[in-house]
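What's counted below: heavy atoms across the whole structure, side chains too, no hydrogens, waters or symmetry copies.
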Protein chains: 2
Amino acid sequence: MPSLEKSDLQKIVGARIQKLREERGFTQVDLAGKIEGVFDTTNVSRLESGRTNPTLYNLHRIAEALEISLSELLDISEE
Amino acid sequence: MPSLEKSDLQKIVGARIQKLREERGFTQVDLAGKIEGVFDTTNVSRLESGRTNPTLYNLHRIAEALEISLSELLDISEE
DNA sequence: TCCAAACTTGGCATATTTGACAAGTCAAGG
DNA sequence: CCTTGACTTGTCAAATATGCCAAGTTTGGA
């Protein structure tokens, strides 16, 4: 685990969110709609492509919408 | 899992960081020093007390310093 | 009680996330 | 073609995370 770069970490987590979303047959708009409270679809796109560094709370809300635990969402051990 | 409030989530994760840090016998200054790159001790205090909403990358750097995976750091299932 | 280390808290400046909106790309149908 | 849905990308404003410094508090030991 040689100390991931910030942008690489973002890309890995973003790809994981996208994969989980697609497995569930959701569009980005669907996902944003399932997230508790307000969540912009623009932000879904930016997070999935690794362009931003998401906050704990937003990761938690995304995990909830994907019906997975935060811990599982961030289990990036095999990448 | 009834949709945690933002500040409750921050407090739970903060308490977990503090517990893991203390188990390793680190002070906040020690932990900040072990984190890759620049990390202010003020920020350690604020994160542990749940006063801020940390970013993915900082959570990753903290996990690294605690020699634990990000996924384990955020495994809050039993709280 | 005194001291020092550890931690908290406030303010400030900067960087970045985020929400919102608009415009653009792209692919699949009709 | 043309439209529609899905997604990307740019800009902007507001909120906030972060680094930094300074001052205050707490705690444990001598």
Euclidean distance, Tyr57(A) OH relative to Asn53(B) CG, rounded to 0.5 Å: 9.0 Å
Side chain to side chain contact (heavy atoms under 4.5 Å, CB included) evaluation trace for Leu70(A) with Leu74(A): CA-CA 6 Å; Leu70(A) 179 58; Leu74(A) 296 176; 4.0 Å; yes
Pairs under 3.5 angstrom, nitrogen or oxygen only, protein versus nucleotides 12-17 of chain D, please.
none

Working for side chain to side chain contact (heavy atoms under 4.5 Å, CB included), residues Ile62(A) and Phe39(A): CA-CA 10 Å; Ile62(A) 291 167; Phe39(A) 204 101; 4.1 Å; yes
Test side chain to side chain contact (heavy atoms under 4.5 Å, CB included) applied to Arg24(B) and Leu66(B), step by step: CA-CA 8 Å; Arg24(B) 286 156 180 70; Leu66(B) 292 170; 3.8 Å; yes
Under 3.5 Å donor-acceptor pair, Thr41(A) side-chain atoms to dC7(D) base atoms: no
Rounded to whole angstroms, how far apart are [atom1] on [X] and [atom2] on [N]?
X        : N       : atom1 : atom2 : answer
Glu36(B) : dG19(D) : CD    : P     : 13 Å
Leu56(B) : dT18(C) : CG    : C1'   : 16 Å
Ile17(B) : dC7(C)  : CD1   : P     : 14 Å
Glu48(A) : dC7(D)  : CD    : P     : 8 Å
Asp40(B) : dA13(C) : CG    : P     : 17 Å

Expected output: side-chain Asp75(B) to main-chain Ser71(A) donor-acceptor under 3.5 Å: no
Donor-acceptor contact present, side-chain Arg16(A) to main-chain Ile76(A), <3.5 Å: no
Any side-chain heavy-atom pair of Thr27(B) and Asp30(B) under 4.5 Å: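 Touching, per the 4.5 Å side-chain cut-off.
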Pair Asn58(A), Arg61(A): side-chain N/O donor-acceptor within cut-off below 3.5 Å: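 Checked: Asn58(A)/Arg61(A) side chains pair up, N/O donor to acceptor below 3.5 Å.
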Arg21(A)/Glu48(A) ion pair, N-O < 4.0 Å: yes
Enclosure of Glu67(B) CD (heavy-atom neighbours >12, cutoff 6.0 Å):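 No, the 6.0 Å shell around CD holds no more than 12 heavy atoms from other groups.
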Stepwise side chain to side chain contact (heavy atoms under 4.5 Å, CB included) check, Thr55(B) with Leu56(A): CA-CA 6 Å; Thr55(B) 59; Leu56(A) 172 64; over 6 Å; no
Axis bend over the full length of the helix from dT1(C)-dA30(D) to dG30(C)-dC1(D), computed from five pairs that close each end, to 10 degrees: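 Rounded to the nearest 10 degrees, the bend comes out at 40°.
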Touch class at under 4.0 angstrom, heavy-atom based, for Val44(A) against every strand present: nothing
Of residues 19-31 of chain A, the positions that come close to DNA chain D - non-hydrogen atoms, cut-off under 4.0 Å: Arg21(A), Thr27(A), Gln28(A)
Nearest to side-chain heavy atoms of Thr42(A), which nucleotide of dG19(D), dA20(C), dC21(D):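 The closest nucleotide is dA20(C).
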